[in-house]
2 protein chains.
Amino acid sequence: MTKPRSRRGGGRPTIGDVARKAGVGAITVSRALREPERVSQDLRRQIQAAVDELGYVPDPNARALASARADVFGVLVPSLTNNVFAEVVRGIYDSLSDGPFRVQLGNTHYSGLEEERLLQVFAPQRPAALIVAGIDQTPTSRKLLESAGCPVVQVMETGPDPVDMLVGFSHFDGGRTATEHLIEAGYRRIGFIGARMDPRSQRRLAGYRAAMEKAGLFDPRLITTTPLLSSVTLGHELFRDALAKMPALDGVFCNNDDIALGVLFECHRAALDVPKTIGIVGFNDLEMMQAAFPPLTSIRTPRYEIGRRAVAMALAAITGQRPEQRIVDLGFELKPRESTAR
Amino acid sequence: MTKPRSRRGGGRPTIGDVARKAGVGAITVSRALREPERVSQDLRRQIQAAVDELGYVPDPNARALASARADVFGVLVPSLTNNVFAEVVRGIYDSLSDGPFRVQLGNTHYSGLEEERLLQVFAPQRPAALIVAGIDQTPTSRKLLESAGCPVVQVMETGPDPVDMLVGFSHFDGGRTATEHLIEAGYRRIGFIGARMDPRSQRRLAGYRAAMEKAGLFDPRLITTTPLLSSVTLGHELFRDALAKMPALDGVFCNNDDIALGVLFECHRAALDVPKTIGIVGFNDLEMMQAAFPPLTSIRTPRYEIGRRAVAMALAAITGQRPEQRIVDLGFELKPRESTAR
DNA sequence: CCCCTGTTTGGTAGCGCTACCATTCTCCTG
DNA sequence: CAGGAGAATGGTAGCGCTACCAAACAGGGG
């Protein structure tokens, strides 16, 4: 004597209900939904009608349990509020919004250990793919990524040895290009100002240094940094410090646009002419840079596109067409504006 | 003849493995993990040891399937890149990071229909709670929220009639306070400049209007808006338009800080003295406002705190201690700065 | 000493779906 | 026309966990 089925789930239709209504087997419904080409035209139509009529929505949990594979993209970024990563995340969401995949977002707070912890949570859930920011994972994190059993895309940088796939651009080259631009514009005592010196910032700094050394202009006293989180306020404070150290400063390469904006405001406050007395270059080219007065030179980085491309590559790998180009360099673009037009 | 178990899952330990190792029943392990107080001290220790030794991590999908309840907070916001919502989301993540709950984020792109679509995806997954931005859901969305069978927190606003719970502040009062501040500072021909006039912006505009009418200063030509997405560039363009319409403008209440920044830059460009010739007030008080030159007056809004509070209320409701205060008004704070110090 | 209550533990039967294999039904080849 | 390959469909048996109930055990009152 079977007990009447209690429907713990709360009564919403299951694949069995659809199958009964369409007069087919449950497994055929499952196939019609996942691999329509393997089901005949006729049944497909019948099943679709039953789905629509019942308002059937597949249960992702049951699917994940049965197939040992969740339709989830795990995404790890160092910050949710930093506009740079917000753009990458937006690109990822936009690319995934009409497919079957969900996004599971993790905030590492710029901490390798936190990244490790999150990977330990994400990896056992058998995600469809993992997207992580940067290439400086801890050895443990790297092992977790390698053994995750799914496509892995590292984003925001380039490098020789990705875990799996890689989309980004060279921060070293970006820093060098920005600095060379200032040198070409005629600036000589060019400072570097940076906050929260994460690995990407370090590489931009290295690019700055290379350009300065090549031009015979390098002096360690030109560098002003802090481990604090970047902000506009910090930008003008660091700029004041830099000026105190080196009153003859005539240009600054700012590690990011917030800092650059802070420097600009400080120049206004101190009545320093931009670009005549001080040249300013930022990094990332947020929208406000071109709207500033004077408009600020910056390095435009393809954040949104990186997110989209990462998803595209992961999707390709999932469907078996692993892209032959595992490393994609999307480059960057110098946007020269009035702040460096001497 | 039973087939040898194939372990589709890929060999990671299950609750049964832990149970065997600890010498107890599977269900006792399940209980020890979820309601430790219902299991004796001794067994708890044994089980914990087995869990640690095997590196057992519960499968959230199996749990969700068996209990008809996912440990997921569904979160719907209109934008991922707008710093305002990024802060709310950060508050939510920070509050949830050490518990068993995951976050499922949806981007509605300021579209009621998109919100509806996302709710249709989220609701059947039986989330533990839903957090949605705003109080202007479509009737369909509202019905979905009401029948979701979980705590629902609407955030960012106040209002008389939430679906369930509500955390935010009054945009009307914010707009009125900003405008009154300008009036008290001696400005008279005060414009309103706003982009992407979502419901919250509309309410701020209504607050502006109320203050202006009360002071006998209202003139519809003082209002300049656009449906376009807000940006700094748009701020200075709209300000130019406003000045063209009303050359005698002596103050502006900007719908948000990006716009305010754009207005400030345009004032620099046109050599209009701030605050003498033009007073500027923004909204939200992003970090850059106090760092600007001159520092910009704004209305500080408790975005991060809203995220945290929403989670706290939802968690309370989940554990049965539904807060008696269903509607929480966290208020806002006028930050008067030099941009309105006539 | 038995019954009753309350606490702790365990067994059974699914949750809704899909992997795996079996079956049926073509249609082609020799 | 038998035999075999291939396409379309279905049945069975789980995936790993928890709801539900039953059982075992202790302690206290009559």
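Every chain is numbered from 1, with letters handed out A, B, ... down the list of sequences. Reckoned from all heavy atoms, side chains included, excluding hydrogens, waters and symmetry mates.
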How many whole angstroms separate atom [atom1] of [X] from atom [atom2] of [N]?
{"X": "A/Arg69", "N": "C/dC17", "atom1": "CZ", "atom2": "C1'", "value": "16 Å"}
{"X": "B/Asp59", "N": "C/dT18", "atom1": "CG", "atom2": "P", "value": "15 Å"}
{"X": "A/Arg20", "N": "C/dG16", "atom1": "CZ", "atom2": "C1'", "value": "12 Å"}
{"X": "B/Leu65", "N": "D/dG14", "atom1": "CG", "atom2": "C1'", "value": "12 Å"}
{"X": "A/Tyr56", "N": "C/dG16", "atom1": "OH", "atom2": "P", "value": "10 Å"}
{"X": "A/Ile15", "N": "D/dT9", "atom1": "CD1", "atom2": "C1'", "value": "14 Å"}

Do any side-chain atoms of residues 98-106 of chain B form donor-acceptor pairs under 3.5 angstrom with protein atoms, and if so which ones, sequence neighbours left out?
from     : atom 1 : to       : atom 2 : distance (Å)
B/Arg102 : NH1    : A/Gln125 : OE1    : 3.4

Heavy-atom side-chain proximity of B/Phe85 to B/Met156 below 4.5 angstrom: yes

B/Tyr304/B/Val89 under side chain to side chain contact (heavy atoms under 4.5 Å, CB included): CA gap, chis, key distance, verdict: CA-CA 8 Å; B/Tyr304 182 77; B/Val89 168; over 6 Å; no

Go through residues 24-50 of chain A and report each residue with a non-hydrogen atom lying under 4.0 Å from DNA chain C, sorted by number.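 Hits under 4.0 Å, by residue number: A/Ile27, A/Ser30, A/Arg34.
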
Side-chain ion pair, A/Arg322 and A/Asp164, N-O less than 4.0 Å: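 Judged by the 4.0 Å cut-off on N to carboxylate O distance, A/Arg322 and A/Asp164 do form a salt bridge.
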
So if I take every side-chain heavy atom of B/Ala62 and compare against D/dC17, D/dC15, C/dC17, which nucleotide ends up nearest? D/dC17

Please tell me which of the listed nucleotides, C/dC17, C/dG16, D/dC17, lies nearest to the side chain of B/Arg63?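 Nucleotide nearest to B/Arg63's side chain: D/dC17.
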
What are the two closest non-hydrogen atoms of A/Tyr110 and A/Ser79, and how far apart are they?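 What the structure gives for the nearest pair is CE1-CB, 3.9 Å.
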
What residues form a salt bridge (Lys or Arg N to Asp or Glu O under 4.0 Å) with B/Glu114, not counting sequence neighbours? B/Arg117

